[in-house]
Protein chains: 2
Amino acid sequence: MSNLSTTSDEILACARSLIVAGGYNGFSYADISDVVGIRKASIHHHFPSKVDLVRTLVARYREEAEAGMANLERQVSGPLEQLRLYVGYWEACITDASAPFCVCALLASQLPVLPEEVGLEVRAHFRSLSAWLTSVLERGARHGQFQLMRTPRAEAEAFMATVHGAMLSARAYGDPKIFGVVTGPLLERLAPASLQIRS
Amino acid sequence: MSNLSTTSDEILACARSLIVAGGYNGFSYADISDVVGIRKASIHHHFPSKVDLVRTLVARYREEAEAGMANLERQVSGPLEQLRLYVGYWEACITDASAPFCVCALLASQLPVLPEEVGLEVRAHFRSLSAWLTSVLERGARHGQFQLMRTPRAEAEAFMATVHGAMLSARAYGDPKIFGVVTGPLLERLAPASLQIRS
DNA sequence: CTCTGTCTACCTTCTGGTAGGATGGCTGTC
DNA sequence: GACAGCCATCCTACCAGAAGGTAGACAGAG
């Protein structure tokens with residue numbers, strides 16, 4: 001508990017970036033071993049199996065995501081501003097290429113070949129993100145800041161799907177700007193210019 | 001050239017469904033061998049390397065996609081109806097679970113770990129799909145059937161991203177209906193009820 | 001008699017995983 | 001303070017199986 005970055009943290013961070021690049025079957029213990037500078041067997045000491053490693057990694061990712069949402073709830077008042085910051089977060093990640101894809105979105109695409117335990121964590125992330133977006137949209141609609149054409153839930157699902165699709169397109173084109181092109185209009189549509197003055 | 005379904009066609013079809021399930025690193029020659037009922041070595045006779053197999057597979061997928069778009073251009077007059085059929089095609093694929101994901105969308109998510117030749121084909125698909133959607137939206141806007149809030153290109157990118165995101169969500173939730181929930185409003189937004197009468 | 005498609009048999013490298021030994025810090029006891 | 005024991009971490013060495021791929025034999029069709 002002494003140093004800020006323990007070996008197991010390093011392993012998790014490394015595995016995360018490898019998963020973001022290529023998914024569950026896109027990396028091996030040997031890859032981590034190369035990057036972290038540790039033997040394969042030592043990784044097994046921290047995470048007995050690959051499933052353990054990835055389950056832990058996704059669980060931690062989920063915690064961070066929930067913490068991020070809670071933070072937006074506490075520190076940001078306006079629903080529109082909350083969504084803007086959420087999208088802005090990803091725009092920054094993609095632009096600086098630090099983590100240009102959501103771990104759970106990537107893993108979800110391979111759900112059929114994922115170990116069950118990992119799949120469950122991935123699904124849970126989708127549910128919790130969708131639930132938060134739903135609550136933000138609902139509040140925005142109540143306050144008259146958003147004009148929803150559907151139920152908050154449906155709009156939230158569409159919002160989430162579009163953000164994920166925008167990540168994919170940015171990767172496919174190899175152009176971070178496309179993420180902004182796709183997500184920008186999303187916010188404008190929810191809150192037409194006439195309602196945006198107060199934000 | 002005698003039978004309608006040659007061995008190499010069977011291999012391609014099998015590989016396609018395996019890729020749709022788990023991506024490039026999610027299947028092996030042995031998996032195909034099991035399904036098709038042929039030895040691994042025989043697969044190598046048709047496709048010397050895995051890269052050959054997947055490149056061919058994606059190239060063929062692209063041909064089919066272009067043929068599908070050309071077909072819509074020829075046989076369907078209204079831009080709105082074209083988009084409706086495009087979305088409906090995927091809705092059907094997802095509902096009957098026959099091919100519940102776009103091969104290129106799935107591969108695009110793993111672009112960083114894809115062999116370069118495959119990556120090029122995948123990108124080409126994104127460009128051609130986006131170009132077709134742009135032209136459909138442009139035509140619809142000219143004819144007054146669509147109300148675009150952005151350039152046709154930007155709307156096309158958003159449309160494509162949302163469809164891909166909807167596939168992902170349907171998979172994540174394990175619920176085909178979510179695809180319709182997300183994509184339905186897409187069309188309504190482009191062509192508000194007041195303009196939809198004629199379609 | 002060649003060419004296509006399939007086979008068996010084999011190779012090399014990678015993969016996730018295990019066994020067991022060295023090191024070194026922490027704790028409890030005298 | 002010295003010492004024993006314990007435990008966490010990392011190591012070397014190994015394993016079985018899966019990965020993609022090759023060599024060469026055989027059968028049948030043209």
Side-chain angles (χ1 to χ4, degrees), chain A residues 1-58 107 110 112-119 121, chain B residues 1-58 60 106-107 110 112-119 121:
Chain A
M1 271 300 173
S2 52
N3 31 353
L4 293 169
S5 161
T6 61
T7 302
S8 81
D9 286 338
E10 274 182 72
I11 293 169
L12 285 171
C14 173
R16 182 186 292 199
S17 76
L18 289 169
I19 283 185
V20 164
Y24 189 84
N25 291 307
F27 77 100
S28 71
Y29 270 43
D31 296 326
I32 299 174
S33 161
D34 288 343
V35 177
V36 178
I38 206 180
R39 298 289 124 170
K40 272 197 320 166
S42 306
I43 304 174
H44 280 286
H45 168 74
H46 294 278
F47 304 98
S49 77
K50 196 177 181 180
V51 175
D52 290 316
L53 169 59
V54 178
R55 193 184 5 83
T56 309
L57 181 161
V58 177
L107 289 176
Q110 319 179 336
V113 298
L114 245 42
E116 200 184 336
E117 304 159 76
V118 175
E121 292 283 345
Chain B
M1 271 298 173
S2 52
N3 28 355
L4 293 169
S5 162
T6 60
T7 302
S8 81
D9 286 339
E10 275 182 73
I11 294 169
L12 285 171
C14 172
R16 183 187 289 199
S17 75
L18 288 170
I19 283 186
V20 163
Y24 189 84
N25 292 306
F27 78 101
S28 71
Y29 270 43
D31 295 327
I32 299 174
S33 162
D34 288 343
V35 177
V36 178
I38 205 180
R39 298 289 125 167
K40 274 196 317 166
S42 306
I43 305 173
H44 280 285
H45 169 74
H46 294 279
F47 304 98
S49 78
K50 195 177 181 181
V51 175
D52 289 316
L53 169 59
V54 178
R55 193 186 359 85
T56 308
L57 182 161
V58 177
R60 183 164 300 192
L106 217 154
L107 289 176
Q110 316 178 342
V113 298
L114 245 42
E116 200 184 335
E117 304 158 79
V118 175
E121 292 283 345

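Here the structure is a predicted model, which is why all the values come from computation and not from measurement. These values consider heavy atoms only, across backbone and side chains, with no hydrogens, waters or symmetry-generated copies.
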J.: Closer than 4.0 Å, any side-chain N/O of Ser28(A) to the OP1 or OP2 of dC14(C)?
T.: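 So the side-chain polar atoms of Ser28(A) never come under 4.0 Å of the phosphate oxygens OP1 or OP2 of dC14(C).
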
J.: Check every atom of dA19(D), dC7(C), dC11(D) against the side chain of Ala30(B) and return the nucleotide holding the closest atom.
T.: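 Among dA19(D), dC7(C), dC11(D), the one nearest the side chain of Ala30(B) is dA19(D).
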
J.: Taking five pairs at each end of the helix from dT13(C)-dA18(D) to dC30(C)-dG1(D), what angle separates the two helix axes (nearest 10°)?
T.: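 About 10° separates the two local helix axes.
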
J.: I want to check one thing: is the phosphate of dG20(D), taken as OP1 and OP2, less than 4.0 Å away from some side-chain N or O of Ser49(B)?
T.: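 Answer is no, no contact under 4.0 Å.
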
J.: Return the 5'-most residue of the pair Val51(A), Ile38(B) with respect to DNA chain C, ranking by each residue's nearest nucleotide.
T.: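 Whichever sits nearer the 5' end wins; that is Ile38(B).
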
J.: Ile43(B) has an atom CD1; how far is it from atom C1' of dT22(D), in whole Å?
T.: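 So the two atoms are 15 Å apart, to the nearest Å.
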
J.: Need one value for Phe47(B): base, sugar-phosphate or nothing, where a base atom within 4.0 Å counts as base even if backbone is also close, heavy atoms only.
T.: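 Since no nucleic acid heavy atom lies under 4.0 Å of Phe47(B), the category is nothing.
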
J.: To the nearest angstrom, how far is Ile32(A) atom CD1 from dC10(D) atom C1'?
T.: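 Rounded to whole Å, this separation is 16 Å.
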
J.: Under a 4.0 Å threshold between the charged nitrogen and the carboxylate oxygen, would Lys40(B) count as salt-bridged to Asp34(B)?
T.: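 No, no charged N to carboxylate O under 4.0 Å.
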
J.: When you measure from the side-chain N and O atoms of His45(B) to the phosphate of dG21(D), is any distance below 4.0 Å, counting only OP1 and OP2?
T.: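 So the side chain of His45(B) is outside the cut-off, no N or O lying under 4.0 Å from OP1 or OP2 of dG21(D).
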
J.: Counting only side-chain heavy atoms from C-beta out, which of dT15(C), dC10(D), dT12(D) sits nearest to Lys40(A)?
T.: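 Of the options given, the side chain of Lys40(A) lies nearest dT15(C).
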
J.: Let me confirm one number: the CG-CZ distance from Leu12(B) to Arg60(B), rounded to the nearest 0.5 Å.
T.: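 Spacing of CG (Leu12(B)) from CZ (Arg60(B)) equals 5.0 Å.
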
J.: Report yes or no: is there a donor-acceptor pair, N or O only, under 3.5 Å between the side chain of Lys50(B) and the base of dG21(D)?
T.: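 Absent.
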
J.: Check whether any side-chain heavy atom of Phe47(B) sits under 4.5 Å from a side-chain heavy atom of Ile11(B), and report yes or no.
T.: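 Of all side-chain heavy-atom pairs linking Ile11(B) with Phe47(B), at least one is under 4.5 Å.
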
J.: To the nearest angstrom, how far is Asn25(A) atom CG from dC14(C) atom P?
T.: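 Rounding to the nearest Å, CG of Asn25(A) and P of dC14(C) are 17 Å apart.
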
J.: State, to 0.1 Å, how close Glu117(B) and Val51(B) come at their nearest heavy-atom pair, and which atoms those are.
T.: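 Between these two residues, the closest heavy atoms are OE2-CG1, 3.4 Å.
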
J.: Of all the heavy-atom pairs spanning Leu114(A) and Leu107(A), show the shortest one and how long it is.
T.: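 Looking at all heavy atoms of both residues, the shortest contact is CD2-O, 3.4 Å.
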
J.: In whole Å, I'd like the distance from the NE2 atom of His44(B) to the P atom of dG24(D).
T.: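 Whole-Å distance recorded here is 17 Å.
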
J.: Compare every heavy atom of Asn25(A) with every heavy atom of Gly26(B), then report the nearest pair and how far apart it is.
T.: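 In this case the closest contact between Gly26(B) and Asn25(A) is CA-ND2, 3.9 Å.
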
J.: Would you kindly give the OH-to-P distance between Tyr29(A) and dC11(D), to the nearest whole Å?
T.: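 Checked: the OH to P distance equals 15 Å.
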
J.: Output yes when at least one side-chain N/O atom of Thr7(A) is less than 4.0 Å from OP1 or OP2 of dT9(D), else no.
T.: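 No.
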
J.: Side chain of Ala41(B) only, heavy atoms from C-beta on: which candidate in dG21(D), dA23(D), dA19(C) is closest?
T.: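 Of dG21(D), dA23(D), dA19(C), dA23(D) is nearest to the side chain of Ala41(B).
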
J.: Find the distance between OG (Ser49(A)) and OH (Tyr29(A)) and round it off to the nearest 0.5 Å.
T.: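 Separation between the atoms: 5.5 Å.
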
J.: Distance check needed: dG16(C) P versus Arg39(A) CZ, whole Å only.
T.: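 After rounding, the reported distance stands at 16 Å.
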
J.: Of the options dT22(D), dT9(D), dG5(C), whose atoms approach the side-chain atoms of His46(B) most closely?
T.: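 Per side-chain heavy atoms of His46(B), the pick is dG5(C).
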
